[in-house]
Amino acid sequence: MSTPADQTSGINRRQAVLTAAAAGLAIAANGVGGQGTLFGATLPRSNFRSRDKTFWPNGARLAISLSLMFEGGGQPEFGAGGVIPERIAEGIPDLPTNAFFAYGYNEGIPRLLDLMDKHRIKLTSFMIGKAVERSPETAREIVRRGHEAAAHGRTWENSYQLSRDEEKRFIADSVESIKRITGQNPVGWNAYWMRSSVHIYETLRELGFLYTIDRPSRDEPFIIPVRGGELVTVPYTFQLNDIVSFPFEGWNPAAYEQALKDEFDQLYEEGVHRRRMMVVSLHDRISGHAGRVRVLDRFLEYARSKPGVWFARKDEIARFALAHRDDTPVLDGGPASKSSVR
């Protein structure tokens, strides 16, 4: 079993991720790929296209996909990152942090599900296997209301340091828990902080997955050929991820609402000429708080007031991308050790 990645405070984890993201952008700018890199070169396709076909169903010019991370109950008993910056002593149950995670299934998810019902939106929930087992009624309610159940690992911790077989079991265990409890077979995967091993694409194909979200490199879905088939990436987000960009300390609801609107407006404008997708990440214990839901409510009202907006589950986006390949980038993966960051 890998060592939990929450041995630093939540603040330090956010800083580390932002630093890593900046480093990745620098590598991409120089066209350099390192040993074990997962990213292949993109097959030729212009990024500047005229409006000569439909990019989304019913002529929509922008797809919006919301992710609900169901993690409460799947965290380690001590050492999980939260709102308390000081890490608790080794071996001592972190009672307030565990209670903070419990807020997700007690209050956050029910509140967010009601908001989705209000706006007639279906989202994708990435579920930790242990969290689903801890709150089976919550997991079943998510699926009962028409949302997608996707896989997020057996527990809330890294898998990239595991052997290929161990990582495969780590993922398969979460799939089995979700399927047994909700009746829905997950076809989408998200790793802890998006970090899987270099074997992940082959592993996901072997497990029957349709897509992953762990490549925040584009504002549209793309296809990755994998031995024995292919996978779709429905890219995740850092900038509109509540756990990274909008922590509790210093959080400004007006700024968050404006950030959502600015992202929407720019992508909506670009959507006249090319396929565009907006992603918003919601964590059960963060975005499920009353004040944050109120801000999200206002943004959804704004977005729904515009014509040609498709609110979609990620499995729907992945299947549409496969069915409309002429407008979907395809990555020529090649050996991981010889590929470049794209």
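Nothing here was measured: the structure is a model prediction, and the numbers come from that model. One is the number of the first residue; the rest follow in order along the sequence.
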Tell me the closest heavy-atom pair linking [X] and [Y], and the distance in Å.
X	Y	value
P253	V295	CB-CG2, 3.7 Å
E157	F170	O-CZ, 3.7 Å
Y103	A290	OH-N, 4.3 Å
T328	P221	CG2-O, 3.9 Å
I200	W189	CD1-NE1, 3.8 Å
L231	Y211	CD2-N, 4.0 Å

Q: With side chain to side chain contact (heavy atoms under 4.5 Å, CB included) as the test, would you mind laying out the steps for T237 and V280 before giving the verdict?
A: CA-CA 7 Å; T237 177; V280 181; over 6 Å; no
Once rounded to the nearest 0.5 Å, what's the spacing between atom [atom1] of [X] and atom [atom2] of [Y]?
X	Y	atom1	atom2	result
L296	H289	CG	NE2	14.0 Å
F299	L240	CZ	CG	8.0 Å
N241	I286	CG	CD1	8.0 Å
N190	I128	CG	CD1	8.5 Å
L66	L115	CG	CG	9.0 Å
H283	L68	NE2	CG	9.5 Å

Residue list, side chain to side chain donor-acceptor pair (under 3.5 Å) with [X], at least two apart or on another chain:
X	answer
D262	Q258
S174	none
Q184	none

Just jot down the salt bridge (charged side-chain N to carboxylate O under 4.0 Å, His left out) partners of [X], sequence neighbours excluded, or say none.
X	result
K118	D297
R304	none
R205	none
R145	D114, D117, E141

Q | M69 and D284: CA distance, side-chain angles, deciding distance, side chain to side chain contact (heavy atoms under 4.5 Å, CB included) verdict | A | CA-CA 6 Å; M69 317 314 288; D284 49 8; 5.7 Å; no
**Q.** Over 12 foreign heavy atoms within 6.0 Å of NZ, K122
**A.** yes
Q) Within a reach of under 6.0 Å around CZ of R180, are more than 12 heavy atoms found that belong to other residues, nucleotides or ligands? A) yes
Q: Would you check, one step at a time, whether the test salt bridge (Lys or Arg N to Asp or Glu O under 4.0 Å) holds for R140 with E137?
A: CA-CA 5 Å; R140 283 192 282 266; E137 287 303 320; 2.5 Å; yes
Is there side-chain contact between [X] and [Y], with heavy atoms separated by less than 4.5 Å?
X	Y	answer
P235	D219	no
L300	M116	yes
R298	L260	no

Q) Under 3.5 Å, side chain of E270 to main-chain N/O of R276, donor-acceptor pair present? A) no
Q) Judged by atom type as modelled, is there a donor-acceptor pair below 3.5 Å linking the side chain of R111 to the main-chain atoms of G288? A) yes
Not counting sequence neighbours, which residues clear side chain to side chain contact (heavy atoms under 4.5 Å, CB included) with [X]? List them please.
X	result
P57	W310, F320
K306	F264, Y268, Y302, V309
R227	E202
E230	I223, L322, R325

**Q.** Derivation of the side chain to side chain contact (heavy atoms under 4.5 Å, CB included) call for R61 and W56
**A.** CA-CA 7 Å; R61 59 193 279 183; W56 294 118; over 6 Å; no
Q.
Taking salt bridge (charged side-chain N to carboxylate O under 4.0 Å, His left out) as the criterion, tell me which of R275, R274, R215 meets it with E220.
A. R274
Q: Could you walk me through whether R285 and E71 pass salt bridge (Lys or Arg N to Asp or Glu O under 4.0 Å), step by step?
A: CA-CA 8 Å; R285 62 199 177 278; E71 298 171 342; 2.8 Å; yes
**Q.** From L204, T203, D214, residue fulfilling side-chain contact (heavy atoms from CB on, under 4.5 Å) relative to S196
**A.** D214
Q | Worked verdict on F126 versus K314 for side chain to side chain contact (heavy atoms under 4.5 Å, CB included) | A | CA-CA 11 Å; F126 290 91; K314 288 176 173 57; 3.9 Å; yes
**Q.** Any residue meeting ring-ring contact (aromatic ring centres under 6.0 Å, His included) with H119, in chain and number order, not counting sequence neighbours
**A.** none
Q: Decide, yes or no, whether a salt bridge links R169 with E176 under the criterion of side-chain N to carboxylate O below 4.0 Å.
A: yes
